[in-house]
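Heads up: the structure comes next, in structure tokens.
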Amino acid sequence: RAGPFSKLLQAEVPLKPDGSGLKSRGSSRFLVAGPQEKLQRLPPLKSLPNEDRETMFIRKVKQCCVVFDFTKPINLSEEEQKEIKRETLLELLEFLLTQKMTFTPQIYRAVFS
């Protein structure tokens with residue numbers, strides 16, 4: 001039966017040479033937050049006027065797209081960046097659960113790009 005997941009379900013799963021389980025692909029993709037990409041604390045969405053919320057929502061979604069490598073030892077600057085991302089994710093979750101917001105094409109592009 002063809003469906004949206006049929007290609008995924010038919011995909012070959014990489015196994016360890018002894019066949020005992022899934023082969024590790026190493027660390028997930030790691031996007032380094034360079035000096036120009038440092039995460040920063042942004043104002044809370046609830047405190048903004050409705051006309052500014054969409055732009056700030058998109059900025060916060062983009063901040064959450066930064067992926068950190070948890071296999072390396074932690075340094076203090078990276079720890080702060082991880083905390084900012086954690087706070088942003090929690091704020092977005094709370095905002096989506098408690099506020100009404102229209103999802104525009106720009107928001108869809110930011111979320112699904």
Side-chain angles (χ1 to χ4, degrees):
R1 186 175 118 182
F5 298 108
S6 61
K7 189 183 252 185
L8 178 66
L9 294 173
Q10 295 171 357
E12 197 172 304
V13 178
L15 297 176
K16 291 180 183 176
D18 64 2
S20 64
L22 293 177
K23 184 177 183 181
S24 172
R25 294 182 179 184
S27 180
S28 61
R29 282 186 296 162
F30 176 49
L31 307 175
V32 179
Q36 71 280 5
E37 298 178 47
K38 288 282 186 194
L39 301 181
Q40 54 183 292
R41 284 188 170 78
L42 300 171
L45 290 166
K46 288 183 180 180
S47 70
L48 297 172
N50 285 340
E51 59 271 7
D52 295 335
R53 285 184 179 178
E54 179 181 332
T55 304
M56 187 59 63
F57 185 87
I58 291 170
R59 285 184 66 193
K60 288 179 180 267
V61 166
K62 288 181 179 180
Q63 277 194 335
C64 293
C65 292
V66 175
V67 180
F68 293 98
D69 185 357
F70 287 89
T71 62
K72 295 187 323 189
I74 299 171
N75 62 46
L76 291 177
S77 66
E78 192 174 272
E79 183 63 32
E80 181 182 356
Q81 298 293 294
K82 289 177 185 178
E83 181 60 23
I84 291 171
K85 180 179 176 178
R86 187 187 71 78
E87 290 170 1
T88 303
L89 285 166
L90 290 174
E91 180 194 357
L92 287 174
L93 178 62
E94 180 196 354
F95 184 80
L96 290 170
L97 292 173
T98 61
Q99 303 293 313
K100 254 188 177 171
M101 185 173 170
T102 303
F103 286 84
T104 64
Q106 292 84 1
I107 291 176
Y108 276 106
R109 251 191 310 280
V111 170
F112 296 107
S113 64

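The structure presented is a predicted model; accordingly, all values stated were derived computationally and were not measured.
- For the atom pair OG1 (T104) and CD1 (I58), the distance works out to 5.5 Å, reported to the nearest 0.5 Å.
- Contact check on K82 versus E79 returns no salt bridge, with no Lys/Arg side-chain nitrogen under 4.0 Å from an Asp/Glu carboxylate oxygen.
- Under the 4.5 Å side-chain heavy-atom criterion for grouping Ile, Leu, Val, Met, Phe, Trp and Tyr, L48 is connected to V61 within one hydrophobic cluster.
- Scanning all heavy atoms of the two residues, the minimum distance from L39 to Q81 falls at N-OE1, 2.6 Å.
- Annotation: side chain of R59 is in contact with side chain of Q40 (closest heavy-atom distance under 4.5 Å).
- Put simply, the side chain of Q106 reaches to within 4.5 Å of the side chain of R109, judged on heavy atoms.
- Cluster membership for L42 and F95, using ILVMFWY side-chain heavy atoms within less than 4.5 angstrom, is shared.
- Taking the six-membered ring where the residue is Trp, F103 and Y108 present tilted rings, their angle falling between 30° and 60°.
- When all heavy atoms of E91 and P43 are compared, the pair lying nearest together is OE2-O, 4.3 Å.
- Scanning all heavy atoms of the two residues, the minimum distance from L45 to F57 falls at CD2-N, 3.6 Å.
- Minimum heavy-atom separation, M101 to I107: CE-CD1, 3.2 Å.
- Contact record, C64 with L92: SG-CD1, 3.8 Å, taken as the closest heavy-atom pair.
- Rounded to the nearest 0.5 Å, atoms CZ (R86) and OG1 (T88) are 10.0 Å apart.
- By the criterion of side-chain heavy atoms lying less than 4.5 angstrom apart, applied directly or through intervening Ile, Leu, Val, Met, Phe, Trp or Tyr residues, L96 is grouped together with F112 in one hydrophobic cluster.
- Residue L76 qualifies as open at atom CG: its count of foreign heavy atoms under 6.0 Å is 12 or below.
- Atom CD of E83 and atom CZ of R41 lie 6.5 Å apart (nearest 0.5 Å).
- In terms of heavy-atom proximity, V67 sits nearest to K85 at CA-NZ, 4.3 Å.
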